[in-house]
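A short worksheet on the structure shown next.
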Amino acid sequence: MTDPADETAHHLTRNAVEALPEGALERQLREGRPLRVKLGIDPTAPDIHLGHTVVLRKLREFQDLGHTVVLIIGDYTARVGDPSGRSVTRPMLSGEEVDANAETFQRQAFKVLDPGRTEVRRNSEWLAMAMEELFGLARTCTVAQILERDDFARRQEAREPISILELLYPLLQGYDSVKVGADVEIGGTDQKFNILLARDIQQTYGVPPQSVLTMPILPGVDGVQRMSKSARNYVGVTEPPDEVFGKLMRVPDGAMDTFYDLLLDEPLDTSRPAVESKRGMARGLTARLHGEDAARAAEEHFDRLHVQREAPEQIDEFAVQAENGIVHLPALLRDAFGISASEGRRLLPQGGVRLNGEPLEEGELDLPATRLDGAVVQVGKRRFRRILVLGNSG
RNA sequence: GGCGGGAUGUCCGAGUGGUUAAAGGAGACCGGCUGUAAACCGGUUGGCUAAGCCUACGCAGGUUCGAAUCCUGCUCCCGCCA
């Protein structure tokens, strides 16, 4: 009970889903040496979002205890495409895309990880192997073993295609663990199969099997689907503070407890009003990514726009050319806000376009330049432009 | 090698000769409400200086007054049997 290794393990696994096999992490910690903790990421999308930081933060905890993180940039496996949680074969990426993404990912990961205790490796180092070696690796598992994985099983059941390349993916990931000598591998619950299979592969190659730590999957700002770039429900770690704050304020109330558990250091206090908790969350996470000052400014900006319904303190200017003293509104909206002119026309009758705070009417397609010059045009609640009229001929 | 299924708008998915710019859903957007960009309610959702015009249902032709829908060829995808 009082064994410090047990306590450490207990702490490290507190918000994890599973730590397998039972007691393995405790035994490793008891050895007293720095453990090699592996995280493999596929640079299929360059930007890190809060969902990634759940796992990254866990790695950081290991680092703070003196352990080493081995961050594997899956530049080779990215070309295969991890089928985990996917119902469709992923598209392949070109070498250049992978390189660019890997570079960005690594830089952003160090917003959370301690670079001093991180070893970055690319799996092309060892996966660009000879056929013979690949044959050897391919011999380590049976098809039945791989098809056991639930998403493969589901696809098989639904008569959906599974490529051989995809079947190979878990093997390649397992081989990564062999090559870097991983003691522990961390991943989302969707990675459980792959991480466990890696143990078998390690043993086949005669190295000690890693232990497994799976973390819950963070939902996106929609509160439903997992946070991912493709679902466009993510909060990127490099997004501007105003965006981070605003996006977090629209997380559904019901998903807040998960966000608190996985991202914040204290649990959600359900006795507080939801808005307060949400503000606390938005403030805390914005501060973590951008600092306290930026978080405070972002909150003020949010209040100004959504509570007081005023224009922001800083508005981008947009210059427009008048014709005969007249500016055509749909064209202006198109150029100034990046929407189509048709969309602009539609927004007018909905009251979605305001001039200095006053809604414009459906018929007002052409406005005199004098009325627009220096005025603030607003689309919806959050898009503003100050208009400057140039070359007012006629 | 044989047999069968499929390709529709951002995505999913109806539609099998004409009120079809194309049902429905998701998403997104706008509005109302609100201590939240939550929830809830209502609306919009191809483009275009626009009562009209243009583009669109894998590609290329054809039939027809008229095609996403019928015919021919092609490309790509998938499943089953061997």
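Since the structure is predicted, the reported quantities are computational estimates derived from the model, not experimental observations. Proteins come first, then strands; the chains are lettered A, B, ... in the order of their sequence lines, and each starts at number 1.
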> How would you label the contact of Pro252(A) with the nucleic acid (heavy atoms, under 4.0 Å): base, sugar-phosphate, or nothing?
Replying inline: sugar-phosphate
> Given the P atoms of U69(B) and C57(B), what is the spacing between them in whole Å?
Replying inline: 9 Å
> What nucleotide among C30(B), U49(B), A50(B) has an atom nearest to a side-chain atom of Asp366(A)?
Replying inline: U49(B)
>> Would you measure the distance from the P atom in C59(B) across to the matching atom in A68(B) and give it in whole Å?
In response: 12 Å
> Which is true for Asp303(A) with a 4.0 Å heavy-atom rule: it touches a base, it touches only sugar-phosphate, or it touches nothing?
Replying inline: nothing
>> Suppose you measure atom P in G79(B) against the same atom in C11(B); what distance do you get, rounded to whole Å?
In response: 22 Å
> Counting N and O atoms only, with roles assigned by atom type, does the side chain of Asp75(A) sit under 3.5 Å from a partner on the main chain of Arg122(A), one being a donor and the other an acceptor?
Replying inline: no
> What does Arg272(A) touch in the nucleic acid at a heavy-atom separation under 4.0 angstrom: a base, only the sugar-phosphate, or nothing?
Replying inline: nothing
> When rounded to the nearest Å, what value does the distance between P atoms of U63(B) and U72(B) take?
Replying inline: 15 Å
> Base, sugar-phosphate, or nothing for Ser340(A), non-hydrogen atoms under 4.0 angstrom?
Replying inline: sugar-phosphate
>> On RNA chain B, does the nearest nucleotide to Arg334(A) precede the nearest nucleotide to Glu343(A) from the 5' side, or the other way round? Give the residue.
In response: Glu343(A)
> Does Pro330(A) or Ala274(A) map to a spot on RNA chain B nearer the 5' end, using the closest nucleotide for each?
Replying inline: Ala274(A)
> To the nearest angstrom, how far is His306(A) atom NE2 from C30(B) atom P?
Replying inline: 10 Å
> In whole Å, what is the span from the CG atom of Asp253(A) to the P atom of U36(B)?
Replying inline: 12 Å
>> Between A14(B) and G58(B), how far apart are the two P atoms, rounded to whole Å?
In response: 14 Å
> Rounding to the closest angstrom, what is the interatomic distance between C71(B) and A28(B) at atom P?
Replying inline: 40 Å
> Measuring from Tyr175(A):OH to Gln202(A):CD, what's the distance to the nearest 0.5 Å?
Replying inline: 12.0 Å
> Which word best sums up how the rings of His52(A) and Phe105(A) line up, parallel for under 30°, tilted for 30 to 60°, or perpendicular for over 60°?
Replying inline: perpendicular
>> Under 3.5 Å, is there a donor on one side chain and an acceptor on the other for Lys58(A) and Asn15(A)?
In response: yes
> Can you tell me how far C1' in A67(B) sits from the matching atom in A60(B), rounded to whole Å?
Replying inline: 16 Å
>> So Pro273(A), base contact, sugar-phosphate only, or nothing? Heavy-atom distance under 4.0 Å.
In response: base
> For the pair made of CZ in Arg346(A) and C1' in G46(B), what is the distance, rounded to whole Å?
Replying inline: 8 Å
> Using Watson-Crick pairs (N1 to N3, plus N6-O4 or O6-N4) and G-U wobble pairs, both distances under 3.5 Å, which stems of at least 3 pairs involve RNA chain B?
Replying inline: B:1-7 with B:75-81, B:10-12 with B:24-26, B:27-32 with B:40-45, B:46-48 with B:52-54, B:58-62 with B:70-74
>> Please report the distance, rounded to the nearest Å, between CZ in Arg283(A) and C1' in G35(B).
In response: 13 Å
>> Rounded to whole Å, how long is the line connecting atom CZ of Arg382(A) with atom P of G31(B)?
In response: 11 Å
>> Can you measure Glu300(A) atom CD to U36(B) atom C1' for me and round it to whole angstrom units?
In response: 17 Å
>> Considering every strand and a 4.0 Å limit on heavy-atom distances, what is the contact class for Arg232(A): base, sugar-phosphate, or nothing?
In response: sugar-phosphate
> With rounding to whole Å, what would you report as the distance between C70(B) and G18(B) at their C1' atoms?
Replying inline: 14 Å
>> Between Glu185(A) and Gln191(A), is there a side-chain donor-acceptor contact under 3.5 Å, judged purely by atom types and distance?
In response: no
>> Within the 4.0 Å heavy-atom criterion, would you say Gly246(A) contacts the bases, only the backbone, or no part of the nucleic acid?
In response: base
